[in-house]
Amino acid sequence: MNRPAVVIAVDIGNTAVKLIASFRDSDRRLRQSFRLSDAKWLESFARWLESNVEKSSADAQLLIASVNGRAKDPLLKMIATRFQGLSLRSISFADVPMPVDVMHPERVGIDRLLSALAAKNNYSAPIVVIDAGSAVTVDLVDHRGHFLGGAILPGLHLQASALSMGTDALPVIHWDGTVESLSPQDFSPGKNTSHAIRLGVLTSVTAAIDQLIGRYQKHLAALSPNGCGNISVVLCGGDASLISPHITHRHELRDHLVCEGILALQIS
């Protein structure tokens, strides 16, 4: 069966909805994202569909991967109401053609699996895949292309919010336009409370990432008598550009990695 004329890969996260529209008869790909903090994000998504896909098209397919039911449910309802001709499918663990060597594969976040699949298709294994969003996930794909699991830690905003909510005097921290001023070469302590929080949270996230990469390298070396060789490191997610300068391991930035994983699936 031929692939639909347009396939729209939709990644519903905790802070944003991202998509890539891939057109069968050309190399054209459209990328878009909608912040969930925008009260009108759902209407913006609908307008985007109206501008790029015919409402009655029977040759268009939306493939949706979600870790956020509160955003997914209204999106599905809107599509069913306003775009009844579109084919719609939710992606699950069973759709991902990659061995998942963990205790409960079906419980792994679908975003983690799809990011790992996309990274495996674009980089040399073994690979560390980092998704820096509301939570930061640091996952490992071995030289065979098997997903081995990883680590999950609170992201920049969650850690800063926890400090503010759990204390009486510490302020709420906003990250936009602030992390760039914290140079990786500047080892001086914070000179005010906001600076100290930013420095502490940023260091906790990036140091954890660097340490985990080192641990994974040692783990792979222990599994193979010849060692693990070079390891690829791929960084994606909403906060990727903020933390990238502060990670010491060499890495590649890749946007919309979950959507790339969706488009790599063989689903008709």
Compare every heavy atom of [Y] with every heavy atom of [X], then report the nearest pair and how far apart it is.
| X | Y | answer |
| --- | --- | --- |
| A160 | I173 | CB-CB, 4.0 Å |
| L19 | C259 | CA-SG, 3.7 Å |
| Q84 | A80 | CG-O, 3.0 Å |
| V258 | S115 | CG2-OG, 3.2 Å |
| N14 | S134 | CB-OG, 3.6 Å |
| T167 | L170 | OG1-CB, 3.2 Å |

Inset, instruction - Using side chain to side chain contact (heavy atoms under 4.5 Å, CB included) as the criterion, point out the one residue from L257, V138, I130, V129 that pairs with L235. - result: I130
Hydrophobic cluster membership, [X] vs [Y], 4.5 Å side-chain cutoff:
| X | Y | value |
| --- | --- | --- |
| I12 | L88 | yes |
| L86 | V6 | yes |
| V141 | Y216 | no |
| Y123 | L113 | no |

With [X], which residues qualify under salt bridge (Lys or Arg N to Asp or Glu O under 4.0 Å), at least two apart?
| X | answer |
| --- | --- |
| D95 | R89 |
| E43 | R82 |
| D139 | R112 |

Residues that [X] engages under side chain to side chain donor-acceptor pair (under 3.5 Å), provided they are two or more places apart:
| X | result |
| --- | --- |
| T248 | D210 |
| S244 | H251 |
| S204 | Q159 |

Any salt bridge (charged side-chain N to carboxylate O under 4.0 Å, His left out) pairs touching [range], not counting sequence neighbours?
| range | answer |
| --- | --- |
| residues 148-158 | none |
| residues 67-78 | none |
| residues 116-127 | none |

Could you tell me the separation between the [atom1] atom of [X] and the [atom2] atom of [Y], rounded to the nearest 0.5 Å?
| X | Y | atom1 | atom2 | value |
| --- | --- | --- | --- | --- |
| I213 | H249 | CD1 | NE2 | 5.0 Å |
| Q217 | L140 | CD | CG | 10.0 Å |
| R24 | Q61 | CZ | CD | 11.5 Å |
| L49 | I8 | CG | CD1 | 5.5 Å |
| I262 | K18 | CD1 | NZ | 11.5 Å |
| L42 | M78 | CG | CE | 4.5 Å |

Side chain to side chain, [X] and [Y], heavy atoms closer than 4.5 Å:
| X | Y | result |
| --- | --- | --- |
| V136 | I152 | no |
| D11 | L114 | no |
| L63 | V7 | yes |
| V234 | V128 | no |
| I209 | I243 | yes |
| L265 | L117 | yes |
| H246 | V205 | no |
| I197 | P171 | yes |

Legend entry - Backbone N/O of S124 and side chain of S232: donor-acceptor pair under 3.5 Å: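 Side chain of S232 to backbone of S124, a donor-acceptor pair under 3.5 Å: yes, one is there.
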Inset, instruction - Please answer whether the main-chain N or O of L242 pairs with a side-chain N or O of D239 as donor and acceptor at a distance below 3.5 Å. - result: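 Side chain of D239 to backbone of L242: no pair is present.
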Legend entry - Verdict with supporting geometry, V53 and F83, side chain to side chain contact (heavy atoms under 4.5 Å, CB included): CA-CA 9 Å; V53 180; F83 300 90; over 6 Å; no
Inset, instruction - Applying side chain to side chain contact (heavy atoms under 4.5 Å, CB included), run through I127 and I231 and close with a yes or a no. - result: CA-CA 6 Å; I127 312 166; I231 191 167; 5.9 Å; no
Inset, instruction - Start with the C-alpha distance between V233 and E252, add both sets of side-chain angles, then the distance that settles side chain to side chain contact (heavy atoms under 4.5 Å, CB included), and finish with yes or no. - result: CA-CA 6 Å; V233 180; E252 296 285 339; over 6 Å; no
Inset, instruction - Using the ring pair (Phe, Tyr, Trp, His ring centres under 6.0 Å) rule, collect all pairs that involve residues 20-43, keeping only residues at least two apart or in two chains. - result: F34-F45
Inset, instruction - List the steps and the verdict of side chain to side chain contact (heavy atoms under 4.5 Å, CB included) for S66 and I110. - result: CA-CA 7 Å; S66 174; I110 191 63; 5.9 Å; no
Legend entry - Co-members of the apolar cluster containing L158 [side chain, <4.5 Å]: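 Grouped by the 4.5 Å side-chain rule, L158 forms a cluster of one, so the answer is none.
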Ignoring hydrogens and angles, write down the donor-acceptor pairs under 3.5 Å from the side chains of residues 96-108, residues two or more places apart or on other chains.
unit_1 : atom_1 : unit_2 : atom_2 : d
D101   : OD2    : R144   : NH2    : 3.3
D101   : OD2    : H146   : ND1    : 2.9

